[in-house]
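Beneath this line is the structure, given in C-alpha cells, with notes to follow.
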Amino acid sequence: MSATTDKARFYLEKSVPELKEYEQKKIFSKEEITSIIKKRSDFEHKINARGAHPNDFVRYAEYEMNLDSLRRMRVKRLGIKATGFSGQRRIFFVLDRATRKFHGDIGLWIQYTEYARRQKAYKKLSTILMDALRLHPSNADLWIYAAQYHMEDHADMSQARTYMQRGLRFCQSSRRLWIQYAKLELIYITKIVARQRILGLDEKYEASKQETTADDLDADMIMMPQITEEDINPSANDDSVNQEAIKTLNSTPALSGAIPMAIFDSAIKTLNHDDRFCHDFFDMVFEFEEVPCLQKILTHIVDGMQASKPASSHTLICYIKLPTAGIRPTSPEFPRALGAALSRLQEHRQKPGVAKEVVSWLRPVEQTKDLDPSLQKAIAATIGKAELVLQEA
C-alpha cells in the first residue's frame, strides 16, 4: 500500500508548479485548486493500485480533458496570453501510462490516437500508431484505422496503401481488411473524379480504355500506380493545368479500376474463392455509383465468381444485379436496367437462396423516394414471388 501511496505522491508533486501558476494567474481559485488536488489524488491512488482497471485510466483522462477545456475557456476570457504548462501534455501522460500498463487493451489505444488526432498532434500520433501496430500486428482494425487516418487527415494515399499492404502481410485471412483496402481505393477514385468535375476536366478528357493488366503482379504485393492526384494542381488557374498529366492520370491503374480488381484477385486466392466474401466485396463496390469504371470492376468480380462457383446463390445474385450497377432507381435508365436484371432472374427464380437475396436487394429499392409507381408495382410483384418461393422451401 505504501508503494502505491509513494507513486501517487510522486506524480502529484510533479503537478504542484502547474497548480501554483493557475492560482497566481487566477485561472482557478484556491478552493478549486484544492478540489483538483483531491480528484487527482483519488485517481492516482486508483491507477497505481494492484486492482487498477482500464476504466480508471479512461475516467482520469476524461477528467483531465474536461479540466483542460475549462482552463482554455478561462484563459481566453481573462486575456492571458500563455501559461507555462499544457493540459494536453498531462493528458498524453495519463494515456501513455494507460497503454503501457494495459497494452493489450485496443480501446485504450484507440482513445489515445483519437485524442492526439483531435489535438492535431500528428507527430505524436504517428508514434502512437507505430507502438500500437508493433504490439498488435495481427489486429486488422488498427491497420485499417492507420490507413484511413492518413487518407482522411493528410490525403496521403501512398502512405495509406503502405499500411494496408503491411496489414495484409500479418492479416491475410482478414476479410474486412481486404474489403476495406478496396474501398479505400474506390474512395480515392471518387475524390479524383469529383475534383476533375469541379475543374471541368472531365469534359475535356475521357479515361483511357487501355488498362494495365495485373498479370505481372508480384506474388506478395499488389501493383500500385505511379501517379497520384498531386498531378492536378487545384490552386492553379484553369489555363495552367497540365493537360498531359491529366491524360496520364486517367490511364493509370488508380482510375482504370485495375487496383481494386487486383485486390479482388489476390483476396480470392488467399481466401480460397470464398463466395460469401466475393458477394460482400461485390456489394461494397456496388455502392460506388459515381466511379466511372464501376461496371468493369463488377464484371470482373462476377466473372471470377462464375469461374470458381457458378451455381452458388451468391454468384447468381451478383450476376442478376450487375445490369443495374451505377444506375439510380429514379433515373430514366433504371427501368431498362432492371428489366435486364429480372430477365436474368427468370431461370433462377425458384432457388430459395436466390429468392432470399432478391428480397434483400429489392426491398430498399422499392422504398426509394419518388420511384415511378409502375416500377414500384413491378418490384413489389417480384418481391412477392420471391417470398412465396421462400415459404414453399
Side-chain angles (χ1 to χ4, degrees), residues 175 179 182-183 186 209 211 256-258 260-261 263-265 267-268 271-393:
R175 290 162 169 76
I179 290 176
K183 186 174 184 178
L186 291 167
K209 295 181 181 179
E211 310 296 345
S256 64
M261 289 188 290
I263 293 171
F264 174 76
D265 291 341
I268 59 175
L271 301 175
N272 197 26
H273 297 272
D274 186 332
D275 55 340
R276 176 70 260 184
F277 166 79
C278 294
H279 188 180
D280 291 341
F281 197 101
F282 179 95
D283 285 343
M284 181 276 294
V285 178
F286 195 85
E287 296 176 358
F288 287 84
E289 297 178 348
E290 300 299 323
V291 173
C293 51
L294 179 65
Q295 278 284 347
K296 180 174 183 179
I297 299 172
L298 291 176
T299 300
H300 181 82
I301 294 170
V302 171
D303 289 345
M305 295 174 75
Q306 289 178 329
S308 59
K309 297 183 180 179
S312 167
S313 60
H314 297 299
T315 300
L316 296 174
I317 191 61
C318 292
Y319 170 72
I320 292 166
K321 289 171 61 176
L322 183 59
T324 63
I327 305 174
R328 295 181 180 177
T330 54
S331 67
E333 296 82 10
F334 187 74
R336 179 177 295 180
L338 181 63
L342 295 181
S343 66
R344 293 184 175 192
L345 174 62
Q346 289 298 327
E347 56 183 309
H348 308 293
R349 187 184 296 275
Q350 299 305 316
K351 297 180 180 179
V354 174
K356 183 179 179 181
E357 296 292 347
V358 167
V359 173
S360 300
W361 165 44
L362 291 179
R363 185 71 72 189
V365 178
E366 181 190 19
Q367 298 171 355
T368 302
K369 187 179 180 181
D370 299 326
L371 187 66
D372 183 85
S374 58
L375 196 60
Q376 195 171 33
K377 186 177 180 180
I379 293 173
T382 304
I383 293 174
K385 292 178 181 178
E387 289 177 338
L388 187 61
V389 171
L390 292 175
Q391 290 175 2
E392 294 174 351

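These values consider heavy atoms only, across backbone and side chains, with no hydrogens, waters or symmetry-generated copies.
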Inset, instruction - Give every residue pair that meets the salt bridge (Lys or Arg N to Asp or Glu O under 4.0 Å) criterion with at least one member in residues 377-390, sequence neighbours excluded. - result: R363-E387
Legend entry - Test item: E366 side-chain N/O and Q376 main-chain N/O as donor-acceptor pair under 3.5 Å: no
Legend entry - salt bridge (Lys or Arg N to Asp or Glu O under 4.0 Å) pairs, two or more places apart, involving residues 333-347: none
Inset, instruction - Please list, chain by chain and in numerical order, all residues satisfying side-chain hydrogen bond (donor to acceptor under 3.5 Å, both in side chains) with R328, sequence neighbours excluded. - result: E289, E290
Legend entry - Partners meeting side chain to side chain contact (heavy atoms under 4.5 Å, CB included) with I297 (sequence neighbours left out): L186, P260, M261, V285, C293, I301
Inset, instruction - Apply ring pair (Phe, Tyr, Trp, His ring centres under 6.0 Å) to H300 and list each qualifying residue two or more places apart in sequence or on a separate chain. - result: none
Legend entry - Pairing residues for Q306 by the side-chain hydrogen bond (donor to acceptor under 3.5 Å, both in side chains) criterion, not counting sequence neighbours: none
Inset, instruction - For F282, check ring pair (Phe, Tyr, Trp, His ring centres under 6.0 Å) against everything at least two apart and list the hits. - result: F286
Legend entry - Spacing of CD1 belonging to I317 relative to CE belonging to M305, to within rounding of 0.5 Å: 10.0 Å
Legend entry - Pairwise side-chain contact, V365 with I383, heavy-atom cut-off 4.5 Å (strictly under): no
Inset, instruction - Quick one: list whatever passes salt bridge (charged side-chain N to carboxylate O under 4.0 Å, His left out) with D303, sequence neighbours left out. - result: none
Legend entry - Spatial distance of atom CD1 (I268) from atom CD1 (I263) [nearest 0.5 Å]: 13.0 Å
Inset, instruction - Starting at CD of E357, measure out to SG of C318 and round the result to the nearest 0.5 Å. - result: 8.0 Å
Legend entry - Qualifying residue, where the test is side chain to side chain contact (heavy atoms under 4.5 Å, CB included) with R349 and the options are V358, T382, L342, V354: T382
Inset, instruction - Could you tell me whether the side chain of V389 reaches within less than 4.5 Å of the side chain of K356, counting heavy atoms only? - result: no
Inset, instruction - Go through the structure and list residues passing ring pair (Phe, Tyr, Trp, His ring centres under 6.0 Å) with F288, not counting sequence neighbours. - result: none
Inset, instruction - Not counting sequence neighbours, which residues clear salt bridge (charged side-chain N to carboxylate O under 4.0 Å, His left out) with D280? List them please. - result: R276
Inset, instruction - Can you sort out the partners of S312 under side-chain hydrogen bond (donor to acceptor under 3.5 Å, both in side chains), two or more places apart, ordered by chain and number? - result: D275
Legend entry - Listed once per pair and sorted, the salt bridge (Lys or Arg N to Asp or Glu O under 4.0 Å) pairs that draw on residues 318-327, sequence neighbours left out: D283-K321
